[in-house]
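One structure is given below, encoded as structure tokens.
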Amino acid sequence: MSVRVRFCPSPTGYLHVGGVRTALFNWLFARHAGGVAVLRIEDTDLTREADGAIEQIQRSLDWLGLEFDESPAKGGPNSPYLQSERLAFYRETALDLVERGLAYRCYQTADELAAARTVARETDDPASATRLHRDLATAEVRAFEAEGRPAVIRLRVPLEGAVTITDLVRGEITWENRLLGDHVICRADGVATYQLANPLDDVLHGMTHVIRGEDLLPSTPRQVLLLEALGHRYPITAHLPMILGPDRKRLSKRHGAASVEEFRDAGYVPESVINYLALVGWSFDDATEIMTVDELVERFSIERVNPAPGVFDHQKLAWMNGVHLRGLAPARYEQALRGYLITSLSALATEPRLGEAVALVQEKVATLGEFEGFAGFLFRGVADDPEALAKVAATERVAEILAACADAIASLEPFTVEGVELALRNVCEELGVKPRVGLLPPRVAVSGRTVSPGLFESIVFLGREETIARLVALSRAIV
RNA sequence: GGCGCGUUCGUCUAGGGGCCUAGGACGCUGGCCUCUCACGCCGGUAACACGGGUUCGAAUCCCGUACGCGCUACCA
């Protein structure tokens, strides 16, 4: 049977790092196996739904290039992919289980439940609190109904036996049924809970594997039991390790950037986000780290997933982003850069010569976010940096150097990178100053800063007139 | 409290009984290269949680302890 997996976020907010990793591993697993990846939205709890969350999740996946074969947006042969569109069916299923005695109505109020729980907690049967209405007499049921008490539906979990799974990441795991308790599969308002909707949809969507976070591991036995009651077999599972913050707690917004969009807005490129995330919890071998998406697809295997949780390392992601940025084909770099500048509402976004500037910065910056500060002078005036100004002003014989540079540039022929380099080095030699000293004034004159892309390339990019104008402007500024 | 999972350098990891005086990468750091920055190159730093077993031999297998995390909702 061909592989079918799903990524099923609930639309409670943006797509966070942990979610992306789950989406990515599912996607890699499917693509590697030539199977199908499904995107399903688990929106059974409308009260928790955030406006626009579905669109935002889809947008994030699109930006990353993780294309799902079946999804709410795309549709597919197993519609719907939105749980809110299948509520009636979940309810019927729950009712059917009640009919068959495999589930039952529980009329406990929240207070009663809470009280029972605290008591049961101290006993050797802590799950008993969930079973209080498991065997209600008909008269009692009638009384509750007459009272108009709302009821939830609980699954009648066997008191004996155990559930054992063989997780692809963790191996064999067993839970005793009696410790599980009778969990709620349908709320008092008639809407199914995750414990019913999720496994049922997995069957309806023909899932062969369930690849999800370790936080969901404890709900596996409940879902296995539910599907058994329904006469289905639970898919093969693979529970991925959690992604932690530096404090070893689950990664969240308080640890800094936690959503895909934040990384995009910080100038990260999908190539590196994917590569980095693939490596938290998985590795190919003892040395390979930098990989393209295609290579990841080819090399990914769930067996090599590490069961231990991992700390998200911003620094390593930043480094990796630089590596990918440097390796990007110029056209792709320009595309990514323009996309970045557009979303960050930069005026540079429409510059026609952006592509030419790529060659000057590609080796220099680790994120697209540095572009504007680093290379903005190529498109507008020099940067305003008093410190740089002070530093040139303190340089010996600045005026002389600037004048000589201007002269050299003025008469230079041909006006090429090599030509400019030769000319400026000659200026240094004639004035008897080392290049690292002599090239500082023209660098500040041209860029406004002490740190810049290659000086000679920058000068050629700006052109003869503009360069001379800037050299002159600086000499005037420092006298 | 109960149940479950986990534990190799600060971090991500390789390792699945002898190849390990534990390898790679990020970070930090010394140096080289160099028009600044960055890249690159050479070097350094730093780990098998602890205690018992099993075995000729354990980072690797088993048990226990400790610690961490997750779950313990009419949230997913």
Side-chain angles (χ1 to χ4, degrees), chain A residues 8-12 42-45 47-48 83 106 108 110 113-114 117-118 120-127 130 150-154 167 169-170 173-176 179-181 183-195 197-198 212-221 239 241-242 244 246 248-250 276 279-290 304 306-320 322-323 326 361-366 370 374 388 421 424-425 428 434-440 442-444 447 449-456:
Chain A
C8 45
S10 67
T12 52
E42 310 225 318
D43 54 348
T44 51
D45 187 1
T47 63
R48 298 211 327 153
Q83 291 193 326
C106 170
Q108 293 243 283
L113 211 50
R117 242 195 290 267
T118 18
R121 203 186 162 98
E122 306 304 319
T123 72
D124 64 347
D125 188 9
T130 62
V152 300
I153 296 175
R154 290 181 185 275
D167 189 88
V169 174
R170 283 150 222 280
I173 306 171
T174 298
W175 292 268
E176 279 187 62
L179 297 172
L180 257 24
H183 56 278
V184 174
I185 58 174
C186 199
R187 298 194 248 138
D189 63 5
V191 177
T193 64
Y194 168 75
Q195 303 298 0
N198 176 274
R212 56 176 17 170
E214 189 192 347
D215 51 336
L216 265 11
L217 187 55
S219 63
T220 306
H239 286 88
M242 302 267 80
L244 277 23
R248 309 218 119 242
K249 303 259 190 249
R250 206 167 159 150
Y276 177 73
L279 258 21
V280 9
W282 176 83
S283 64
F284 175 59
D285 59 18
D286 62 345
T288 314
E289 292 203 308
I290 302 301
R304 286 194 62 84
N306 181 350
V311 174
F312 188 81
D313 186 353
H314 273 96
Q315 278 186 311
K316 188 152 184 176
L317 203 213
W319 163 78
M320 195 171 276
V323 173
R326 270 174 253 123
V361 298
Q362 191 159 12
E363 284 292 320
K364 310 279 187 176
V365 303
E370 295 164 54
F374 193 70
E421 171 157 16
L424 295 194
R425 283 189 190 282
C428 290
K434 288 184 173 157
R436 65 185 319 122
V437 176
L439 295 179
L440 176 68
R443 164 167 278 111
V444 174
S447 72
R449 311 198 324 164
T450 55
V451 172
S452 77
L455 177 59
F456 317 125

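All values below were derived from every heavy atom in this structure, side-chain atoms included, with hydrogens, water molecules and symmetry-related copies excluded. So you know, we letter chains A, B, ... as the sequences are listed, proteins then strands, and number each from 1.
- Residue contacts shown for E122(A) are absent, as no nucleic acid heavy atom lies under 4.0 Å away.
- Within 4.0 Å (heavy atoms only), L317(A) reaches no atom of the nucleic acid at all.
- Remark on RNA chain B: of its neighbouring residues A192(A) and R250(A), the 5'-side contact belongs to R250(A), judged by nearest-heavy-atom nucleotide.
- R443(A) and S452(A) form a side-chain donor-acceptor contact under 3.5 Å, judged by distance and modelled atom types alone.
- Residues C428(A) and L439(A) are in side-chain contact: their nearest non-hydrogen atoms beyond the backbone lie under 4.5 Å apart.
- When RNA chain B is scanned in the 5' to 3' direction for atoms under 4.0 Å from non-hydrogen atoms of chain A, the outermost contacting nucleotides are rG1(B) to rA76(B).
- Counted by atom type alone, R212(A) and H239(A) present one or more donor-acceptor pairs between their side chains at under 3.5 Å.
- Considering only heavy atoms from C-beta on, I173(A) comes within 4.5 Å of L217(A) through its side chain.
- Counting any heavy atom pair closer than 4.0 Å across all strands shown, N306(A) reaches sugar-phosphate atoms only and no base atom.
- Residues Y194(A) and S219(A) have side chains in contact (heavy-atom distance under 4.5 Å, counting atoms from C-beta outward).
- Taking E421(A) as the reference, R425(A) meet the side-chain hydrogen bond (donor to acceptor under 3.5 Å, both in side chains) condition, with sequence neighbours excluded.
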Where do D45(A) and R187(A) land on the side chain to side chain contact (heavy atoms under 4.5 Å, CB included) test, with the steps shown first?
CA-CA 10 Å; D45(A) 187 1; R187(A) 298 194 248 138; 3.8 Å; yes

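- As judged by a 4.0 angstrom heavy-atom cut-off over every strand, R121(A) is placed among the base-contacting residues.
- Note on R212(A): nothing from the nucleic acid sits closer than 4.0 angstrom, heavy atoms only.
- Residue whose closest nucleotide on RNA chain B sits further toward the 5' end, between T123(A) and A110(A): T123(A).
- As the counterpart of rC41(B), rG31(B) is assigned, both hydrogen-bonding distances of the Watson-Crick or G-U wobble pattern falling under 3.5 Å.
- Backbone-only contact: L217(A) has heavy atoms under 4.0 Å from sugar-phosphate atoms and none from a base.
- Contacts of A308(A) with the nucleic acid, taken as non-hydrogen atoms under 4.0 Å apart, involve only primed sugar atoms and P, OP1 or OP2.
- Across all strands shown, rG10(B) forms a Watson-Crick or G-U wobble pair with rC26(B), both key distances being under 3.5 Å.
- Looking at heavy-atom distances under 4.0 Å, V152(A) makes contact with a base.
- The residue F456(A) sits close to a base: some heavy atom pair falls under 4.0 Å.
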